[in-house]
Amino acid sequence: MSSSNYYDVTEWKEGNPYQDIGEVINSIIADIKARQTDANINNGGKPGAVIYIPPGDYPLLTQVVIDISYLKIMGSGHGFTSSSIRFNTPESEWKNWHEVWPGGSRILVEMQPAAGGEASAGAAFYIERSGDPRISSVEFADFCIDGLHFVDDGSGNDDPENTYLNGKTGIYIASAQDSFRISGMGLVYLEHGVTIYNADALAIHNNFIAECGHCIELRGSGQASKITDNLIGAGYRGYSIYAQNFGGLLITANNIFPRGKSSIHFSGVVRSSVSNNRLHSFYPGMLVFEDNCAENLVSANHFFREREPWAPMQAYNNGLDDLYGLLYISGDNNSIIANHISETIDTQYITPSGATPVIIRVVSGQGNHISDNHIVATTETSQAHDAAASACFSTQVSALLATDGLAALDVITVRIEKESRQNIVLDSGGEAQVVLDRAVNAFRATPVPGQSC
Amino acid sequence: MSSSNYYDVTEWKEGNPYQDIGEVINSIIADIKARQTDANINNGGKPGAVIYIPPGDYPLLTQVVIDISYLKIMGSGHGFTSSSIRFNTPESEWKNWHEVWPGGSRILVEMQPAAGGEASAGAAFYIERSGDPRISSVEFADFCIDGLHFVDDGSGNDDPENTYLNGKTGIYIASAQDSFRISGMGLVYLEHGVTIYNADALAIHNNFIAECGHCIELRGSGQASKITDNLIGAGYRGYSIYAQNFGGLLITANNIFPRGKSSIHFSGVVRSSVSNNRLHSFYPGMLVFEDNCAENLVSANHFFREREPWAPMQAYNNGLDDLYGLLYISGDNNSIIANHISETIDTQYITPSGATPVIIRVVSGQGNHISDNHIVATTETSQAHDAAASACFSTQVSALLATDGLAALDVITVRIEKESRQNIVLDSGGEAQVVLDRAVNAFRATPVPGQSC
Amino acid sequence: MSSSNYYDVTEWKEGNPYQDIGEVINSIIADIKARQTDANINNGGKPGAVIYIPPGDYPLLTQVVIDISYLKIMGSGHGFTSSSIRFNTPESEWKNWHEVWPGGSRILVEMQPAAGGEASAGAAFYIERSGDPRISSVEFADFCIDGLHFVDDGSGNDDPENTYLNGKTGIYIASAQDSFRISGMGLVYLEHGVTIYNADALAIHNNFIAECGHCIELRGSGQASKITDNLIGAGYRGYSIYAQNFGGLLITANNIFPRGKSSIHFSGVVRSSVSNNRLHSFYPGMLVFEDNCAENLVSANHFFREREPWAPMQAYNNGLDDLYGLLYISGDNNSIIANHISETIDTQYITPSGATPVIIRVVSGQGNHISDNHIVATTETSQAHDAAASACFSTQVSALLATDGLAALDVITVRIEKESRQNIVLDSGGEAQVVLDRAVNAFRATPVPGQSC
C-alpha cells in the first residue's frame, strides 16, 4: 500500500504498537494533520486517511484523540469472546483452555481510570472538535476494544470482575458530529461501550457489543440515526441502548440479549422507531420511555423475559419489581403495535410477593395507541430453570427450549395509570387483563376463545 | 499485495489518479480484460479483480466504463459531509473551517455534462454489457462520489448550488445485471446518485446517499432486490427512492430524511415491501404508489412530516397540496398495516387554505387493506418552528423535540376516492376522520376514548 | 502488510493456491498455531489472524480444518452468477458467453464426496474444536464458494446439474461456537451452503446464498443469533433457512427467493422472530413450524407464492399439496401478525384437483394469535405464466408484474385443525374464509366491503 493516506500501525515509524498503540495512532494522526494542511484546494484538500490494525494484541496506555474528519480506523477481526464466562470459571481451569482472552485486531485498554468516573477520561478513543463544520465521517470498523477487567466497587461485591465498573470507555464522542459509522466492532468488558453526544446521521451497524456496563449511549441530543443489526447485551447495571433527546432514531434488526438494566431506555426521545428487534431480559423495565417520549413506534419486536438463570449473576438485578411494567411508557402519542411479548417466571419469584406482573404500563401522557400485541405469560418450571443455570451450553439451551407444558401465569397485559388519558388499547389482552379507566381511554378486548363475539 | 488481480489506483503504471482517476480505472479494466481472455478453462477463467482506492482526492474527468463481471471497486472511507450546509454558508466563513469538502476515498466528478441531461452521459461509473450472460457481481464499496457543485438552472434560482442539477450521476447501470452490490458508499451533490436499469438480486446496503437530485432510481424493470439499512435524502426536486415495474423489492431498515419530492415513489411495482423504515419529509406525497402498484406491503414504518424549517430551502417544495395525501395509493390489494404516521404543521401553512390535510389517500384500484395505523396530527408552534430554522444543530434538535403541548390538528386519516372500491379500512381513524363509501368499502373505526364500545 | 498475522494465500511459502487452496490455508493455520502457543500472556496471547484471498480461481482439493478462534478468512468479491441458468442453456452456446463461471475471490470445491452423503465429509471449510472455551469469532467474509456441479442422483433425473446433490458443503461447523460471523459471501451449487451446529450469537449477514441444495441450516440447538439482510434461495429439494431447537433467533430483512422445499423451516424453535422478510416460493409449505415451535413471531413479512414458471424446473416440487398450508404451524402461542400473503395460481394446477387452497394452517398446539394478515389470492392467467416461463429476463419480469385483471381465487385464509385449540384469529379473512371451531377458538372476521358492521 503505497498511498500516503494508508497507515498500518505495525509499520509506523514512531512508537511501538505492541507497547502502546494509543501513542502510535496519535502519532499517525499528527502526521495526517501535518501533511493535510489546506482545507480548500481545488475542491479538496483534507481527505483524511485509513489506519489499519492487523490481528494482534495491542496495549493502549495513551488515549487516542481524534479531531480530524474522514479518519477510518479498521482491523480484521472483532475478536469477541465471553470474558464473563471466563471470570466466573475458576482460574485454575484456565491452564487447560485453548485461549483465555478475546482476540482479532484487539486493543487492550490498559489505562487505569477511576471506576464509575467520567466516561470521557477513560475512553480509549476520544473524539472532539470545536468550530465548523462538525467533525464528519470518522469510521471505526472490524476491530476489538477490550477493557480487560472490571474492578472492586467497594460494595462487597463477591467478585470484582462482575461489577461492570472500570471507568473505561471504548469510543467517546464529545462534540456534535455528522455521518459517523461504527460497524463490525467487538466491544467487551468496558464500563461504557460507545458514548456519543449530539449525533447526526450516525450508523451503528453489525457490531458485537456485550458484557459492558452500558453498551450504546446516545447523549445530549441527536437526530436521524440508525442502530441496526447489532448483537448487544449490557451488564445488570447499565443500558444496552440508551438515547436522550433524540428525533428520528431507528433501532431495528438488533438481537439484544441480557442482561441490561434496560434493553432500551429512552429519555425525551421523539418520532423514533424500535421495530423488528429481538430482546431478551431478566428484569422488569426492559423497555423504558421516560421524560415525555412522544410519537415513537414500537412494532414487530419480540420481547422475552425470564428469571436470571445463571448462578453467578443471580445476586444482581435492576431493583425494579413486577409492577413496574416490562414496557414502561411515559409520554404522548406513542404506538405499540404488533409485538410479541413472552414472560415466564415462577410465582415464587414475583415481587412484590403475590403481585400480578404488569407487562405494558403507561404511567403518564396521552394518546398512546397500543394494538394487536400478543402477550404470553407462563410459570416457569423449576426443573427448566435449574437446567438453564448450568454452565453447559447445551443444557442451557435445553432449558430455553422448555416451553412445553408451561402453565399460564396471570398478568396485567396493559395497565393505564390514572395520570394518563386518551389512550387506545386494542386486541392486547382480555377484559380481565387490561386495567384502564374507560371513561377517558378506549378499549377493545382481545376475544376470548370459546366466547363467540 | 502480489496478486495480479489486486490493483491500487495509486500504484498503477498508466495515468495519474490525482489528475484523472477515470483514465486509471479504465486502464486497469483493459488490463484485466487483456489478462483474463478465456471464459471457460477448468471451471474458471475470468474471476475479475478488485481495484482499491485509498483515501485521497481523485478527480474524475473520464467516465469509467465497466463491461466485465466480478469487478469490485473499493475504498476506505465514505467521506460524506454536508455540501448543502457549506454552500448555504457565506464563502467568507470557509477560511475558518477545519475542512471544506467531503473526503475519504473520494472521486471528484469534474466532468461537465449538461444539467438535466441524460443521466448516462454524466455518469462517473457507467456499466453496460450486451450478450450473455448478464453482467454479474460488480461491487462498489466504501468510497465517496462527489458531484462537487450544482449549477444554474436558468430559472432565476437564487443560488446555483441549490438547484440539485448538474447532469452528473454516481453509478449508472444501463443493461440487465445480476447480483450487484453497492455498500458503504457516500454519494453527494450528484443530480442522480445511483440509476439502475433492469436489476436482479441487487443489494444496496449501508450507504450514505444524500444531497443528490435523486438518490436511488431502479428503472426499466427488476426483481428480487434489497435496499436496506441506508441513510438517504434527496433534494426537493427528486426521489429518495424510485422503483419502476419491480417485483419482490424489499426496502427496509432505511432512515430516509428530507427532502425528496417523494421519499419513496413506486410506479407499477408489485409484491414488494416498504417495511420498518423511518421516513421524514417536508411535503405531501412522501410515499407514492402509481400506475397500478399491486399487492405491496407497507408495514411497521415511521412516517413524519413537518414544514420545511431551514430558511435556504423554504422557497422550494414539490408542488403538491395537503389534499394530495401524505401516502398516495393507486393500485390493487396493497397492505398498509401497523404504521405510525406523524404530521405537524401550523394551520396557516396548509394548502389550499382552510383544507383538511389527507394522510392516506387511495385514488384508484381495489382490495387495499389499511389497518391498525396510528396517525398523529398536531399544529406546530411558531416558536418551535423558528427554532428549527436555526443553523445551529442543537437549536434544530430542540425544535424537533418540541412535541409537548402541541394542539391536535384535524386531518382525514384515510380517504378512499370514488374510483377505488372494495377496500378495507380498520382501526386507522375515527368515524370523523375516515372518508369512504361504505356501500363499496369496509370500515371499522378506531374506538374513541371515553366512548365505550 | 508486514504484520505476521496477515496472510495472503498467493504469497504463502507452502503449497500453491492455484492447485489446492485448502492445503495452503491449512498450512497457514498450522503456522498461526506454531507461533501463537501461549493462551495467557499479559492479558493476551492468541489473537488469531486474517487470511486474504485476492480475486482469482482457487481449486480446493483438501478440506480446510479450523480449530482456532479469531481466524478471519476474507476475499474481495462474492462472485455469484447463476450456474442454474448456465447449465440449463445448451453448452454449445457457452462459447459465445462473456464468462461461464462464477468469479471474485472464488474457491472451486473440487473434492468429490458422495452425493447425499455426510455434509461434514464434503465441507470445504470444516470447523471443530472440543474443550474450553467454545471456539469464538471465526469470520468468513466477501469470497465465493462454488460447488461447481451437481451430479446424477440415480433417479433418472434428466439433467445431473439439476439434482442439487453433490455431497459438497460450503462451511460446516461441527462443535458449539460463539460469536461467529459469515458476511458478504457468495455460495453456489453446493448441496449444503452453511451448516452450523450449536450456534450462539451467530451473525449471518448480507450474503448471497443461492442455487444450493440447502442454504442455511442451524442444527443441534442454538440461541441468540441473527440471519439478516441476505439474498437466499435453495433448490427444490432443500431448505432456504432451517433451524432446529433454537431460542432467540432473529430472521429479518432477507429476500428469500425460490425455490426451496421451504423458505423457512423451524423444528422445535422457540421465542424467535421471522419478521420483515420478503419470501417468494413455488410450493405450499413455504413457512413450516413443526415439533412444537412456541412463542415465535411472524410479522411484517411479504409472502408470495406462484406456480413454477421456468420449464427446466417444472418437473420438480416439494410434494406438498395445496391443503398443506402455505404457512404450516404446529406449536403453542405463536404470533402471526401484520403479514401480506399473495398467492396466484390457476385452478387447473391446484392439488388435489378441485381443492380450496389453505394459506395459514394450524395443525396442533394452542394459544396462537393470528391477526391482521392480508391474504390476496388470484387465478393466474396462462398468458402471464407462459411469459414468465421465458428464459428472457425482461419477459419474466413482465409476467411477474401482470397483476392487472387477475380474478379472485377462493382460498381458506386460516384453517385451525381440531387438534389445535384456544387460538385467536382476528382480521385475517372473512366468515367464509376461516375454518375453525368457535367453541374452542376465538374469531373476528375481517369486515366485508359493502356490509356495514
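Numbered from 1 within each chain, the chains take letters A, B, ... in sequence-line order.
- Remark: A/Asp372 pairs with no residue by the salt bridge (charged side-chain N to carboxylate O under 4.0 Å, His left out) rule, at least two apart or across chains.
- There is no contact between C/Arg421 and chain A, counting heavy-atom distances below 4.5 Å.
- The parts of C/Val50 that come within reach of chain A are both its backbone and its side chain, each placing non-hydrogen atoms under 4.5 angstrom from that chain.
- The OH atom of C/Tyr70 sits 8.0 Å away from atom SG of A/Cys144, with the distance rounded to the nearest 0.5 Å.
- Under the rule for a ring pair (Phe, Tyr, Trp, His ring centres under 6.0 Å), the partners of A/His78 that lie at least two apart in sequence or sit in another chain are A/Phe208.
- Heavy-atom distances place no part of C/Asp38 under 4.5 Å from chain A, backbone and side chain included.
- In terms of non-hydrogen atom pairs under 4.5 Å with chain A, the most contact-rich of C/Ser275, C/Pro133, C/Ser299 is C/Pro133.
- Among the residues in residues 94-103 of chain A, those with a non-hydrogen atom closer than 4.5 angstrom to a non-hydrogen atom of chain C are A/Trp94, A/Asn96, A/Trp97, A/His98, A/Glu99, A/Val100, A/Trp101, A/Pro102, A/Gly103.
- Of all non-hydrogen atoms in A/Asn373 and C/His369, the two that sit nearest each other are O-CE1, 4.5 Å.
- For the set C/Arg181, C/Lys46, C/Lys72, the entry with the most heavy-atom pairs within less than 4.5 Å of chain A is C/Arg181.
- With a threshold of 4.5 angstrom between heavy atoms, A/Thr252 does not approach chain C through any atom at all.
- The two residues A/His340 and C/Asn296 make their nearest non-hydrogen contact at ND1-O, 4.1 Å.
- Smallest separation of non-hydrogen atoms from A/Ala338 and C/Ile337: CB-CG2, 3.6 Å.
- Between chain C and the residues A/Gly77, A/Gly79, A/Ala300, the largest count of heavy-atom pairs under 4.5 Å involves A/Gly79.
- At a 4.5 Å heavy-atom cutoff, the contact between C/Gln422 and chain A is made by backbone and side-chain atoms alike.
- Comparing C/Thr228, C/Asn43, C/Ile68 by how many heavy-atom pairs each has under 4.5 Å with chain A, the most go to C/Asn43.
- In summary, of the residues considered (C/Asn334, C/Asn333, C/Asp332), a side-chain contact (heavy atoms from CB on, under 4.5 Å) with A/Val376 occurs for C/Asn333 alone.
- Taking CD of C/Glu295 as the reference point, atom NE2 of A/His374 lies at 8.5 Å (rounded to 0.5 Å).
- Of the atoms belonging to A/Asp427, heavy atoms from both backbone and side chain fall under 4.5 Å from chain C.
- Heavy-atom distances place the side chain of A/Phe257, and not its backbone, under 4.5 Å from chain C.
- The backbone N or O of A/Phe80 sits less than 3.5 Å from a side-chain atom of C/Ser137, completing a donor-acceptor pair.
- Here C/Phe266 pairs with C/Phe289 under the ring pair (Phe, Tyr, Trp, His ring centres under 6.0 Å) rule; sequence neighbours left out.
- Most heavy-atom pairs under 4.5 Å with chain A, from the set C/Gly268, C/Ser272, C/Ala203, C/Gly367: that is C/Ser272.
- Of the inter-residue distances, the one linking C/Met74 atom CE with A/Asp142 atom CG reads 8.0 Å to the nearest 0.5 angstrom.
- Between A/Pro449 and C/Ile424 the shortest side-chain heavy-atom distance falls below 4.5 Å.
- Contacts between A/Ile256 and chain C at a heavy-atom distance below 4.5 Å are absent for every atom of the residue.
- Of all the heavy atoms in C/Gly48 and A/Pro55, the pair that sits closest is O-CB, 3.9 Å.
- Heavy atoms of other residues, nucleotides or ligands lying less than 6.0 angstrom from CZ of C/Arg129 number more than 12.
- Looking at C/Asn5, its side chain never comes within 3.5 Å of a backbone N or O of A/Pro54 through a donor-acceptor pair.
- The two atoms that bring A/Ser82 and C/Asp178 nearest to each other are N-OD2, 4.2 Å, heavy atoms only.
- Note: C/Ser179 leads C/Ser136, C/Ser179, C/Ala253 in heavy-atom pairs under 4.5 Å with chain A.
- Residue C/Ser130 touches chain A through its backbone alone, counting heavy-atom pairs closer than 4.5 Å.
- Under the 4.5 Å side-chain criterion, counting only non-hydrogen atoms from C-beta, A/Glu110 is not in contact with C/Asn42.
- Atom NE2 of A/His280 sits about 8.0 Å away from atom CZ of C/Arg271, to the nearest 0.5 Å.
- Minimum interatomic distance between A/Asn206 and C/Lys226 (heavy atoms only, all atoms of both residues): OD1-NZ, 3.5 Å.
- The parts of C/Ala201 that come within reach of chain A are both its backbone and its side chain, each placing non-hydrogen atoms under 4.5 angstrom from that chain.
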Show your reasoning for whether side chain to side chain donor-acceptor pair (under 3.5 Å) applies to C/Ser273 and A/His302. CA-CA 7 Å; C/Ser273 283; A/His302 191 289; 5.1 Å; no
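- In this structure, CG in A/Asn276 is found 8.0 Å from CG in C/Asn277, a value given to the nearest 0.5 Å.
- With values rounded to the nearest 0.5 angstrom, C/Leu297 atom CG is found 8.5 Å from A/Asn301 atom CG.
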